[in-house]
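Please read these numbers as outputs of a predicted model, since none were measured by experiment. One-based numbering along the sequence shown.
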Amino acid sequence: MVLVRTTPPRPVEVTELFPELASLARPAIRLHPRPGSPSVRDSSVGGPLLWPADEPWPHCEDAHLHGDSGFRESPAAIRLDRYRRAQRHDDPYGPSFTPEEVAALEQKAARLEERLDAGPPLPADCPVPLLPVAQLYLRDVPLLRPPGEADLLQILWCPYDHEPDWKPATRVIWRSAASVTDVLATPPEPYEANYDGYVPEPCVLAPEAITEYPCSLDLSPEVRQVVQDWSRWQAARAVVHGSYEEYPAEYYDAHLADSPGWKVGGWPPWGRTDPNPRYCAVCEARMVPLLTIASFEWDSQTYGWAPQEERAAAYARGHIAGLSPAQPTRVEVGSADNMQLYVCPESPEHPHTDLIQ
């Protein structure tokens, strides 16, 4: 069955209210990851990668303070714990595994637990196998602009915090799916993760094309002033609660500008800091958003972006910690923030960069 998720119509037609924004529209694809059992031939978050058997699996060679955070659990143990909690609470939005998958996770968790209990933490210079974060096929996400004949984007990260920004180190790989004939069956996994929010839950995707507009912080001073003009909202008979009269730009940012959640392209979700343009280290071109890795698909300010198929869940109260339907991937970066990956528009083969926002 094909997974479908649909963004509700915006409460206000942006370009009718603000014609000044028409030229700033950008396409984006909301990925809507949801727990499932993706295969190597599927686009996914946290799922298995179409990885050539004869190609070494990437490792992080940086120094790591294993167990330094006090958190020492393997990815398999983390996923098992999530599954069992979802089963105990009959959570329809939690991970779901077949009996065979549960048995495999139990065996893997036991092996890694034995290794963790066998002695002192691993040495700091021990290479760490990277974890799959996302796999996106061009057929599912046509907004991608891969180099050459590539039609597959693979993103991995190291499940440890890295200085100076204390975030996972990311790896971006482009490849041609047709060139992979013999697939690596059992990729290596790290013995432990620095934090359970760095272990993505395997998710299938429901890609949806939308149009976005820039956050008010990304607007020119002149256009920002227009968005902040309450009389403009009143003249258009926009249905906006009077509590926004002093700060209508807050309503614009929460309901009309850039969408929350995992997405490809679009506009950056500024707010924690002012806009921070990224420039290519090779050619100095201003880089563009590739992927937004989101801690949550909606929050208390952005319920209106929750898919139509999940409105009841979005507005429900009393979700058990760690089982929120707004956090299907169980990923959490920063303080419930977003990690944005940027690429060079001149050449996607130039080194990417990332930013916690």
Has the side chain of [X] got a donor or acceptor atom that lies under 3.5 Å from a matching backbone atom of [Y]?
X	Y	answer
R278	Y342	no
S295	D337	yes
D258	P214	no
S39	R41	yes
Q107	A104	no

Query - Y247 atom OH, neighbour heavy-atom count above 12 within 6.0 Å - result: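 No, because the 6.0 Å sphere around OH of Y247 holds 12 heavy atoms or fewer from other groups.
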
Distance-only side-chain donor-acceptor flag, [X] / [Y], under 3.5 Å:
X	Y	result
E212	S259	yes
W267	D218	no
Q357	Q340	no
R30	T7	yes
D229	S231	yes

Minimum-distance pair of heavy atoms, taken over all atoms of [X] and [Y]:
X	Y	result
H350	C280	ND1-SG, 3.4 Å
A169	H162	N-CD2, 3.6 Å
L217	R224	O-NH2, 3.4 Å
A134	L49	O-CD2, 4.2 Å
P127	E61	CG-OE1, 3.4 Å

Report task. Run the numbers on L130 and H59 for side chain to side chain contact (heavy atoms under 4.5 Å, CB included), then give the verdict. Result -> CA-CA 5 Å; L130 302 189; H59 288 62; 5.8 Å; no

Report task. Output every pair passing ring pair (Phe, Tyr, Trp, His ring centres under 6.0 Å) with a member in residues 33-55, not counting sequence neighbours, ordered by first then second residue. Result ->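 The answer is W51-W57.
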
Report task. Verify side-chain hydrogen bond (donor to acceptor under 3.5 Å, both in side chains) between E309 and T6, making sure each step is shown before the conclusion. Result -> CA-CA 7 Å; E309 297 82 358; T6 312; 2.8 Å; yes

Mind checking ring pair (Phe, Tyr, Trp, His ring centres under 6.0 Å) for [X] and listing every partner two or more places apart, or none if nothing turns up?
X	answer
Y137	none
W157	Y198
Y213	none
H352	none

Is there a continuous path of hydrophobic side-chain contacts, each under 4.5 Å between heavy atoms, that joins [X] to [Y]?
X	Y	answer
L153	V331	yes
M339	V45	yes
V264	V333	yes
L131	I173	no
V288	L136	yes

Distance from [X] atom [atom1] to [Y] atom [atom2], nearest 0.5 Å?
X	Y	atom1	atom2	answer
I293	K167	CD1	NZ	11.5 Å
R5	L31	CZ	CG	13.5 Å
R82	D91	CZ	CG	12.5 Å
W305	L256	CH2	CG	7.5 Å
L341	I155	CG	CD1	5.0 Å
D196	E201	CG	CD	11.0 Å

Just list the side-chain donor-acceptor pairs under 3.5 Å for residues 140-147, sequence neighbours left out, or say none.
unit_1: D140; atom_1: OD2; unit_2: S43; atom_2: OG; d: 2.6
unit_1: R145; atom_1: NH1; unit_2: P142; atom_2: O; d: 2.9
unit_1: R145; atom_1: NH1; unit_2: L143; atom_2: O; d: 3.3

Between [X] and [Y], is any pair of side-chain heavy atoms under 4.5 Å apart?
X	Y	value
R311	Y303	no
L80	V102	yes
Q135	S44	yes
E163	D62	no
C283	C344	yes
P202	R79	yes
P307	H32	yes
W270	N276	yes

Query - R34 vs E297, salt bridge (charged side-chain N to carboxylate O under 4.0 Å, His left out): CA-CA, chis, key distance, verdict - result: CA-CA 11 Å; R34 297 296 182 269; E297 185 156 335; 2.8 Å; yes

Query - Test salt bridge (charged side-chain N to carboxylate O under 4.0 Å, His left out) applied to E346 and R286, step by step - result: CA-CA 9 Å; E346 303 301 325; R286 181 164 178 170; over 6 Å; no

Query - S216 vs D253, side-chain hydrogen bond (donor to acceptor under 3.5 Å, both in side chains): CA-CA, chis, key distance, verdict - result: CA-CA 6 Å; S216 62; D253 286 335; 2.7 Å; yes

Query raised in the report: What's the verdict on salt bridge (charged side-chain N to carboxylate O under 4.0 Å, His left out) for E106 and R84, showing C-alpha distance, side-chain angles and the deciding distance?
Result: CA-CA 12 Å; E106 288 174 340; R84 289 167 178 158; 3.2 Å; yes

**Report entry** Centroid-centroid under 6.0 Å between F18 and W233 rings
**Finding:**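 Yes: the rings meet the under 6.0 Å criterion.
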
Query raised in the report: What class does the angle between the rings of F97 and Y83 fall in, given that below 30° is parallel, 30 to 60° is tilted and above 60° is perpendicular?
Result: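 The arrangement is tilted - the two ring planes meet at 30° to 60°.
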
